[in-house]
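One structure below.
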Amino acid sequence: MAKVTFVPSGRSVEARQGETILRAASRARVPITQRCGGNGSCTMCKVRIDGDSKVSPPCEIEKRWISSAELARGVRLACQTKIQGTTRVSLPQSKLAAVVQAQLAEQRERREGQEKTQE
Ligand code: FES
């Protein structure tokens, strides 16, 4: 068994050797967008494998759909990547969540700026 942690939720699950990241995410109730049922044809399940994580090397399907630059940055298909040891998986942020976070950061900076001028 190997511990798999999903970021940014921080949820983790114990996974069997050889279990796919997509299946482990499902068990951890971490949603990963996909449309092909894990067949490696929609490319919607891209995730990033962090640092010292132990996973299977990229398969031919991943090499076909993911650029070598992305593979070098740890981008993988969750449905094709098999867990081989302790693994940390970063999920891409949705565009809506990114916009909301940027607006919140802007509001926070504006508020802090107003507080400094009042001091
Ligand atoms: S689930 Fe479609 S490519 Fe992975």
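Computation of the quantities below employed the complete heavy-atom set of this structure, encompassing side-chain atoms and omitting hydrogens, waters and symmetry-equivalent molecules. Remember, it's 1-based here, ligands and their atoms both numbered in the order they're listed.
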Q. Ligand 1: which residues have a non-hydrogen atom closer than 4.0 Å?
A. Gln34, Cys36, Gly38, Gly40, Ser41, Cys42, Thr43, Cys45, Cys79
**Q.** Val89 and Ile49, any side-chain heavy atoms less than 4.5 Å apart
**A.** yes
**Q.** Check ion pair Arg64-Glu60 (N to O, under 4.0 angstrom)
**A.** no
Q | From Ile32 atom CD1 to Thr20 atom OG1, the distance as rounded to the nearest 0.5 Å | A | 8.5 Å
**Q.** Sole candidate of Gln80, Lys46, Arg76 that passes side chain to side chain donor-acceptor pair (under 3.5 Å) when paired with Glu62
**A.** Arg76
Q) Could Arg48 and Glu70 be called an ion pair, given the rule that one side-chain N must be under 4.0 Å from one carboxylate O? A) no
Q: Indicate yes or no: does Lys54 engage Asp52 in a salt bridge with an N to O separation below 4.0 Å.
A: no
